[in-house]
Amino acid sequence: MSPKRSLGQVLAARAGRRARQGVHTAVHHAWQWVQRHGEITPHTPGRRKFAYLGEGACIGFPVGSIYGEPWISIGDHTLVGTHVTISAGFVPGLDLGPDVIVRIGASCSLGRGTHIVGHQSIDIGDDVFTGPNVYITDQNHTYGDVHVPIGRQWPENNPVVIGDGCWIGTGAIILPGTRLGRNVAVAGGAVVRGEFPDHSVIGGVPAKILRSHDKENGWQPPLRNDPLMSLDELAALSVNGLEGLQILQDKLREESKARAEDGTLQEEAG
C-alpha cells in the first residue's frame, strides 16, 4: 500500500489539474478565435485578390493552397471548408489571361480537404456539395513518350463542367473532360471521366451510371424507399437554421427507430 499523501501533495495535485484544465480551455478558445478571424470573407482584405468573392461566402481557416485568385470566382453564400486547395495555374504569379479559370457557383459547400486545381476551365454550378477530400482537375500528364518520365511530359487540359445541384461523395476524383449534368450524385471514391446526364447516380472506377431518372417511369432501378420529406419541406427547414436541422435530426432518428423495430418484427415473423 502506498503511503498516505500529505495535505500539501493533495493540494498541489489539485492545483495542477486545475491549471491543466485552464490551459486546455484557453487553448481551445484561442484556436476558435484564430479560426474565426482567419476566415476569408467579403469583409476581409483577402477578398480583394479574387475575381469575385460573393456576399455571404466564406473560406474556412486554416486554408489549403490558394493561388491564382484573380482567375478564381466564388459565388454568393458558398462555404469552403478548412484545408481546401483552390488554385489556378501552375504556381502563383503567372499571367493566365483575361478569363476566369475556376468558377464556383452560389450556395455551394466544399468539404474539408477538397482540391480544385484549374488550368483552363473548371465551371462548378450552383448548389453543388462535396464531401471531404474530393479532387477536381482539368489537367493531366501525358504518357505517350516512353523515353521521358511521365511527370516531365507536357500536360493536357480538358475543361470540366459540374452542373447545378450535384453531390460529390467523399474521396471522389473528377478528371479532365468530365461533364456532369444537373443533380448528379457521385458515389464516394468514384473516379469520374466523361459525360453524364441530369438526374443520374454514378459510381465505381471508372465511374458508370448506377441509376437514372426517366420522365415516364421515374427512377430506374426504382428507389428502395420513399423520401423522408419532400424537397419543399427540406427547403423550408433549411430556412429555419438550427431549429430546422433539429427537426430533421429528430425525423431521421424516428425513422431509424421505426426501421429497426420493423426489422425485428420481420425476424420474429420469419
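Around atom CH2 of Trp154, no more than 12 heavy atoms belonging to other residues, nucleotides or ligands sit under 6.0 Å away. Atom OH of Tyr143 has 12 or fewer neighbouring heavy atoms from other residues, nucleotides or ligands inside a 6.0 Å radius. Within 6.0 Å of atom CZ in Arg18, 12 or fewer heavy atoms from other residues, nucleotides or ligands are found, so the atom counts as exposed in its surroundings.
Looking at heavy atoms from C-beta onward, Phe50 lies in side-chain contact with Ile66 at the 4.5 angstrom threshold. Within the 4.5 Å cutoff, the side chain of Ile173 has no heavy atoms near those of the Ile136 side chain. Side-chain contact check for Gln139 versus Gln120: every heavy-atom pair is 4.5 Å or farther apart. With a 4.5 Å cut-off on side-chain heavy atoms, His43 and Glu55 count as touching. Within the 4.5 Å cutoff, no side-chain heavy atoms of Val201 are placed close to those of Phe196. Counting only heavy atoms from C-beta outward, the side chains of Leu110 and Val128 never approach each other to under 4.5 Å. Within the 4.5 Å cutoff, side-chain heavy atoms of Thr137 are placed close to those of Pro176.
Under a hydrophobic-cluster definition in which Ile, Leu, Val, Met, Phe, Trp and Tyr are linked whenever side-chain heavy atoms come within less than 4.5 Å, directly or via other members, Leu210 and Val205 are assigned to different clusters. Cluster annotation: Trp167 and Ile116 are assigned to distinct hydrophobic clusters (Ile/Leu/Val/Met/Phe/Trp/Tyr, side-chain heavy-atom contacts under 4.5 Å, transitive). Linking ILVMFWY residues whenever their side-chain heavy atoms come closer than 4.5 Å, directly or via other members, leaves Phe90 and Val117 in distinct clusters. Under the 4.5 Å side-chain heavy-atom criterion for grouping Ile, Leu, Val, Met, Phe, Trp and Tyr, Ile104 is not connected to Leu79 through any hydrophobic cluster. Tracing side-chain contacts under 4.5 Å through hydrophobic residues (I, L, V, M, F, W, Y), one reaches Val191 starting from Tyr135; they form part of the same cluster.
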field: Chi angles and distances behind the side-chain contact (heavy atoms from CB on, under 4.5 Å) call for Ile74, Ile59
entry: CA-CA 10 Å; Ile74 299 176; Ile59 300 174; 3.9 Å; yes
message: Assess the residue pair Ile162 and Asp123 against the criterion (side-chain contact (heavy atoms from CB on, under 4.5 Å)); give the C-alpha distance rounded to whole Å, side-chain angles, the decisive distance to 0.1 Å, and a yes or no.
response: CA-CA 6 Å; Ile162 297 174; Asp123 195 333; over 6 Å; no
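With hydrogens and angles ignored, the 3.5 Å screen pairs a side-chain donor or acceptor of Thr178 with a backbone N or O of Val192. Using a distance-only test at 3.5 Å, with no hydrogens or angles considered, no donor-acceptor pair links the side chain of Arg152 to the main chain of Pro149. With Thr85 contributing its side chain and His115 its backbone, the two residues share no donor-acceptor pair below 3.5 Å. Side-chain atoms of Arg211 come within 3.5 Å of backbone atoms of Pro222 as a donor-acceptor pair (strictly under, hydrogens ignored). The closest donor-acceptor contact from the side chain of Gln153 to the backbone of Gly144 lies under 3.5 Å. In this structure a side-chain-to-backbone donor-acceptor pair under 3.5 Å is missing from Asp138 to Pro159. Using a distance-only test at 3.5 Å, with no hydrogens or angles considered, a donor-acceptor pair links the side chain of Ser256 to the main chain of Leu252. Of the possible donor and acceptor atoms, none in the side chain of Thr82 sits under 3.5 Å from a partner among the backbone N and O of Phe61. Asp127 places no side-chain N or O within donor-acceptor distance of the main-chain N or O of Asp164, the cut-off being under 3.5 Å. Put simply, the side chain of Asp126 gets close to the backbone of Ala106: a donor and an acceptor are under 3.5 Å apart.
Atoms OG and CD1, on Ser212 and Ile202 in that order, are 12.0 Å from each other to the nearest 0.5 Å. To the nearest 0.5 Å, the span separating CZ on Arg14 from CD on Gln9 amounts to 13.5 Å. Note: Leu53 CG to Arg47 CZ = 9.0 Å, rounded to the nearest 0.5 Å. Interatomic distance, CD1 of Ile72 versus OH of Tyr52, reported as 15.5 Å (0.5 Å rounding). For the atom pair Thr25 OG1 and Gln21 CD, the distance stands at 7.5 Å (nearest 0.5 Å). Here OG of Ser73 is found 12.5 Å from CG of Asp99. Values are rounded to the nearest 0.5 Å.
Trp31 and Pro62 get closest at one heavy-atom pair: CZ2-CD, 3.9 Å. Residues Ile209 and Pro197 share a closest heavy-atom pair of CD1-CD, 3.7 Å. Nearest heavy-atom pair, His141 versus Ile150, reported as atom, atom and distance to 0.1 Å: ND1-O, 3.6 Å. Here the closest non-hydrogen pair linking Glu39 and Gln35 is CG-O, 3.2 Å. When all heavy atoms of Val84 and Gly113 are compared, the closest pair comes out as CG2-N, 3.9 Å. Of all heavy-atom pairs spanning Trp71 and Asp95, the tightest one is CZ2-OD1, 3.8 Å.
Between His213 and Trp219, the ring-plane angle classifies as perpendicular under the 30° and 60° cut-offs.
A distance below 6.0 Å separates the ring centres of His37 and Trp33.
Just one of Ile40, Ile86, Val80 meets the side-chain contact (heavy atoms from CB on, under 4.5 Å) condition when paired with Val63; it is Ile40.
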